[in-house]
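Everything numeric here is computed off the predicted structure, so don't read it as measured data. Whatever order the structure lists them in is the order used to number ligands and atoms, beginning at 1.
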Amino acid sequence: MNVALGVGGGIAAYKAAELARALMEHGFSVQAILTDAAQEFITPLTFAALTGRKVISNLFSAANPEGTLASAVEHISVAEQHDILVIAPATADLMAKLAHGLAGDFLTTTYLAFTGPVVLAPAMNSNMWNHPATRENLRILRERGHVIVEPEDGLLACGDVGPGRLAEPQKIADVVAGLAASGRRATVRQHRDLEGEVILITAGPTQEPLDAVRYLSNRSSGKMGYALAAGALERGARVILVAGPVHLDPPKGAEVIPVHTAVEMRAAVMEHLEESTIIIKAAAVADYHRVNAPNHKVKKTAARMSLELDPTPDILAELGRVKGDRLLVGFAAETENLVEEARRKLESKNCDMVVANLVSAEGEGFESDENEVVLVLRTGEAIPVKRAPKTAIAHRIFDEMIKLRLALHSSR
Ligand code: CTP
């Protein structure tokens, strides 16, 4: 598989050389593209030596011996010949150009001509990273479906300590490998295959009050549900996102209904059931709650205390009973017997698909940006999906969902 590696002009440009090597160790063939600014920090020769390929540096450069027509359209062929575009370091300037479609050099024109998945690894000073202009550009790029490998906290070249340090090259290479493994080659911009669908997605945890100030909850971050919402929007669906309390910006265009408790989530889901064509229950709903929780703060006493809890409404099971023709997708977080447990849930709750993941795996599941799942289908199939960013997993879920719907319809 071919990766185009765009290198921006920042102190972290030298790490892009390590990234080129790490990508090649994953079996990718790497074409480096350096901006003018990048060449102030690292020479094309370094990349040429590492990748064994001529480095592309500028669009209409006088230094480019073939510098006329052939190279003037080369960005189109580079865009066509590569499966994934990775930009590292993505500087604040580059991110602004990408967000707004400015195309003044080889890398930015290649970006515009490129229709496959894009991975951006930003690096910059913390204040630049936190600036509202950068945040806004980041939001635009994320919504476009690009995978962002967030910078790390640490000592920066400028002497400041904070977020902005380029993620470790090995980590960026792993993300690219995950994306490749997820099989998502075609671009989101080419897929409008969910147009006309109304997708109801639940995401995040629920919070069940114990008294006026305390609650029962879980570690769900909502990232998987939000990635599904963003993916569905990119593919043309209308999205109703019933969201428990999370710290995420909802994707633009989603109709967000914020809820706290399982009872509120059930009410919001049932209210929008009629208009939905697909329902995805990615939320980690609390299984128990305290009915009639006191609305004052319970005082501490010396005595031991115990809590009496009642089961919450099982929204997924209820949906399974009333779903009709709608596709119903549940989630199963398990610590053992993954596929068997998922099959049991699929049957007992009348789902069409259960997305099962092992919550014990390190760096995956609840709070992570990545996940590794098995898609258990009503047809009896169990499809393992290798570790990949949640955005890629979300698209894979939609790919399989579309196939499943066709299979279910044709078997009727
Ligand atoms: N779910 C739900 N309502 C609940 C509890 C869970 O809709 N009150 C949904 C979740 O959104 C998820 C699926 O059920 O899609 C799986 O949740 P999980 O808690 O793993 O399943 P349980 O049925 O509680 O099974 P078990 O406790 O045996 O794992």
Does one side chain, of [X] or [Y], offer a donor that lies under 3.5 Å from an acceptor on the other?
X: Asp105; Y: Thr108; result: yes
X: Ser217; Y: Gln207; result: no
X: His289; Y: Tyr215; result: no
X: Ser29; Y: Asn2; result: yes

How close do [X] and [Y] get, counting heavy atoms only, and between which atoms?
X: Gly204; Y: Val246; result: CA-CG1, 3.7 Å
X: Lys297; Y: Ala212; result: N-CB, 3.9 Å
X: Gly380; Y: Arg343; result: O-NH2, 2.8 Å
X: Glu208; Y: Tyr288; result: CG-O, 3.7 Å

Heavy-atom nearest neighbour in the protein, as seen from [atom], with distance rounded to 0.1 Å:
atom: atom 8 (N) of ligand 1; value: Pro313 O, 2.9 Å
atom: atom 6 (C) of ligand 1; value: Val285 CB, 3.9 Å
atom: atom 28 (O) of ligand 1; value: Arg344 NH2, 3.4 Å
atom: atom 5 (C) of ligand 1; value: Asp287 OD1, 3.4 Å
atom: atom 10 (C) of ligand 1; value: Ala283 O, 3.3 Å
atom: atom 15 (O) of ligand 1; value: Lys281 O, 2.7 Å
atom: atom 25 (O) of ligand 1; value: Lys345 CE, 3.2 Å
atom: atom 7 (O) of ligand 1; value: Leu316 N, 2.8 Å

Please identify which atoms of ligand 1 are closer than 4.0 Å to at least one heavy atom of Thr312. 8 (N)
For ligand 1, which atoms, with element, lie under 4.0 Å from some heavy atom of Gly330? 15 (O)
Contact (N/O only, under 3.5 Å) between [X] and ligand 1:
X: Ile315; value: yes
X: Glu334; value: no
X: Ala282; value: no
X: Phe331; value: yes
X: Ala284; value: no

Quick one: are Lys15 and Glu168 in side-chain contact, heavy atoms under 4.5 Å? yes
Closer than 4.0 angstrom: is that true for some heavy atom of Ala262 and an atom of ligand 1? no
Going by the salt bridge (Lys or Arg N to Asp or Glu O under 4.0 Å) test, name the single residue among Lys323, Lys281, Arg326 that passes it with Asp352. Lys323
Got more than 12 heavy atoms from elsewhere within 6.0 Å of CD, Glu308? no
Once you restrict to heavy atoms under 4.0 Å, what part of Lys349 touches ligand 1? Side chain, backbone, both or neither. side chain
